[in-house]
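Only one structure is covered here, and it is reproduced in the block below.
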Amino acid sequence: MTGPETGMSPDSDAVALIEDPKIQLPAIAARNERVARRGFWRKLARVAGKIPFAEDVTAAYYCAIDPGTPMRVRATLFAAITYFIVPTDLVPDVIAALGFTDDATVLTTAIAIVGSHIKDHHITRARRTLRQGEFEDA
């Protein structure tokens, strides 16, 4: 209900609706998925030999794109992977020895939360991909 009796205008109702986390979360999850699918292989190809968590992030990616993975898990993993991909983060990746520590922390946290969904076949596929060095869509 809007109007003088509620003290809310139609505009404030629209703002409240847009700011509602229940509305934002699916849009943010969809954006993170687009970013991850578009940039993951390119980023991995550039840094795979420089980061100790390449297998973890690749297995997380395979889990996130697996249609059998629950949506909340996919959203969590895509958020962590997007943080890994996006060049503007807490510690710039170009800083030697420290550049990927924040990425590793975000990924480790995401895996701690939803890691039980990363199955053996995701890990096996990640190992094979890294061993062969043939990054899809790179």
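As a basis for the values below, the full set of heavy atoms in this structure was taken, side chains included, without hydrogen atoms, waters or symmetry mates.
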Check your understanding: Among T58, V114, L77, which residue meets the side chain to side chain contact (heavy atoms under 4.5 Å, CB included) test with C63?
Key ->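 The single option meeting the side chain to side chain contact (heavy atoms under 4.5 Å, CB included) with C63 is L77.
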Check your understanding: Quick one: do the Y83 and N32 side chains pair a donor with an acceptor below 3.5 Å?
Key -> no
Point-to-point distance, once rounded to the nearest 0.5 Å, from [atom1] of [X] to [atom2] of [Y]:
{"X": "D56", "Y": "I111", "atom1": "CG", "atom2": "CD1", "value": "4.5 Å"}
{"X": "I81", "Y": "I65", "atom1": "CD1", "atom2": "CD1", "value": "9.0 Å"}
{"X": "K43", "Y": "I51", "atom1": "NZ", "atom2": "CD1", "value": "8.5 Å"}
{"X": "E55", "Y": "H122", "atom1": "CD", "atom2": "NE2", "value": "13.5 Å"}
{"X": "H117", "Y": "R74", "atom1": "NE2", "atom2": "CZ", "value": "12.5 Å"}
{"X": "T105", "Y": "L107", "atom1": "OG1", "atom2": "CG", "value": "9.5 Å"}

Decide yes or no for [X] and [Y]: does some side-chain heavy atom of the first lie under 4.5 Å from some side-chain heavy atom of the second?
{"X": "T129", "Y": "E134", "answer": "no"}
{"X": "T108", "Y": "F53", "answer": "no"}
{"X": "I118", "Y": "Y62", "answer": "no"}
{"X": "H121", "Y": "D66", "answer": "yes"}

What pair of heavy atoms forms the shortest contact from [X] to [Y], and how long is it?
{"X": "A36", "Y": "I85", "result": "CA-CD1, 3.5 Å"}
{"X": "R42", "Y": "R38", "result": "NH2-O, 3.1 Å"}
{"X": "V73", "Y": "T69", "result": "CG1-CG2, 3.5 Å"}
{"X": "V47", "Y": "F84", "result": "CG2-CZ, 3.7 Å"}
{"X": "A29", "Y": "A75", "result": "CB-CB, 4.0 Å"}
{"X": "A80", "Y": "A110", "result": "CB-CB, 3.7 Å"}

Practice item. Please report the C-alpha distance between V35 and F40 in whole Å, then the side-chain angles of each, then the deciding distance to 0.1 Å, and finally whether the side-chain contact (heavy atoms from CB on, under 4.5 Å) criterion is met. Key: CA-CA 8 Å; V35 169; F40 178 73; over 6 Å; no
**Study point:** Derivation of the side-chain contact (heavy atoms from CB on, under 4.5 Å) call for F78 and R37
**Key:** CA-CA 9 Å; F78 277 131; R37 286 181 180 267; 4.3 Å; yes
Check your understanding: For the residue pair Y61 and W41, does the interplanar ring angle fall in the parallel (under 30°), tilted (30 to 60°) or perpendicular (over 60°) class?
Key ->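 Plane angle over 60°, so perpendicular.
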